Amino acid sequence: MKTFNTGKVTFKYPSSWEVEKADILSNPDCIATLSKGQGNLINVVMFPTETNLDDYKIFMEDMICDDGGVILSSDFVLIANNDAIKLHANMDTPDINFDIHTYVFIIHKAIYIFELRTLDVSGESESEFEKIISSFKILE
């Protein structure tokens, strides 16, 4: 496993994943982008927030449904020693059908969103994503 470290956020990721240049021009809150092949992309964003997990869960579910997605599961979980939202949805667009796996943490009035977009139906990428999330830490 390799370590990703921004000085504020750290997590471990498998060497099969590549760290890409974060697209901060179109998403200034992006702190990390990782890819594995053509069909797997992880984006990590962080920004200040006044919301809470309960309200953000409703917001996330509404956004996915408004975009035509189908929510397969949406739960509150404890992972990486933090309360989080864990959401799994399927998006079917005219061009592509893919799954989204999202974890959302709200810590010290900052929101951290880890999102995996994948075409992998084997479950391997999702399993690796879970390991990444489990290693997430805020550096103080």
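These numbers were taken from a predicted model, which means no experiment stands behind them.
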Considering all heavy atoms of both residues, which atom of [X] and which atom of [Y] are nearest to each other, and what is their separation?
| X | Y | result |
| --- | --- | --- |
| F98 | T93 | CE2-CG2, 4.4 Å |
| A22 | C30 | CB-SG, 3.8 Å |
| H101 | F129 | O-CE2, 3.4 Å |

Counting only pairs under 3.5 Å, give me each side-chain donor-acceptor contact of residues 58-74, with atom names and distances, residues two or more places apart or in other chains.
unit_1	atom_1	unit_2	atom_2	d
E61	OE2	K57	NZ	2.9
E61	OE2	S74	OG	2.5
S74	OG	K57	NZ	3.4

Group every Ile, Leu, Val, Met, Phe, Trp and Tyr by side-chain heavy-atom contacts under 4.5 Å, then state whether [X] and [Y] land in the same group.
| X | Y | answer |
| --- | --- | --- |
| V9 | I79 | yes |
| F4 | Y103 | yes |
| F76 | L78 | no |

Do the non-hydrogen side-chain atoms of [X] and [Y] ever get within less than 4.5 Å of each other?
| X | Y | value |
| --- | --- | --- |
| I138 | F136 | yes |
| Y13 | L34 | yes |
| H88 | I100 | no |

Looking at residues at least two apart in the chain, or sitting in another chain, which of them share a side-chain hydrogen bond (donor to acceptor under 3.5 Å, both in side chains) with S15?
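side-chain hydrogen bond (donor to acceptor under 3.5 Å, both in side chains) check on S15 returns nothing, list empty.
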Residue set satisfying side-chain contact (heavy atoms from CB on, under 4.5 Å) with K12, at least two apart, ordered chain then number -> M1, T3, S135
Qualifying salt bridge (charged side-chain N to carboxylate O under 4.0 Å, His left out) pairs, either residue in residues 84-103, two or more places apart:
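Residue pairs passing salt bridge (charged side-chain N to carboxylate O under 4.0 Å, His left out), neighbours aside: K86-E130.
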N/O donor to acceptor pairs below 3.5 angstrom from side-chain atoms of residues 105-116, sequence neighbours left out:
unit_1	atom_1	unit_2	atom_2	d
H108	NE2	E140	OE2	3.1
E115	OE1	R117	NE	2.8
E115	OE1	R117	NH2	3.2

For residues 39-53, please give each side-chain donor-acceptor pair under 3.5 Å, one per line with the distance, not counting sequence neighbours.
unit_1	atom_1	unit_2	atom_2	d
N40	OD1	T118	OG1	2.4
N40	OD1	S125	OG	3.0
N40	ND2	K36	O	3.1
N40	ND2	S125	OG	3.4
N43	OD1	T33	OG1	2.8
T49	OG1	T51	N	3.1
N52	OD1	D54	N	3.0
N52	OD1	D55	N	2.8
N52	ND2	D55	OD2	3.2

So which of N5, I133, T6, I132 actually passes side chain to side chain contact (heavy atoms under 4.5 Å, CB included) with F11?
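It is I132, the one option of N5, I133, T6, I132 that forms the side chain to side chain contact (heavy atoms under 4.5 Å, CB included) with F11.
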Should we count CD of E20 as having more than 12 external heavy atoms under 6.0 Å?
yes
Let me confirm one number: the NZ-CD distance from K131 to E126, rounded to the nearest 0.5 Å.
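Result: 12.0 Å between the selected atoms.
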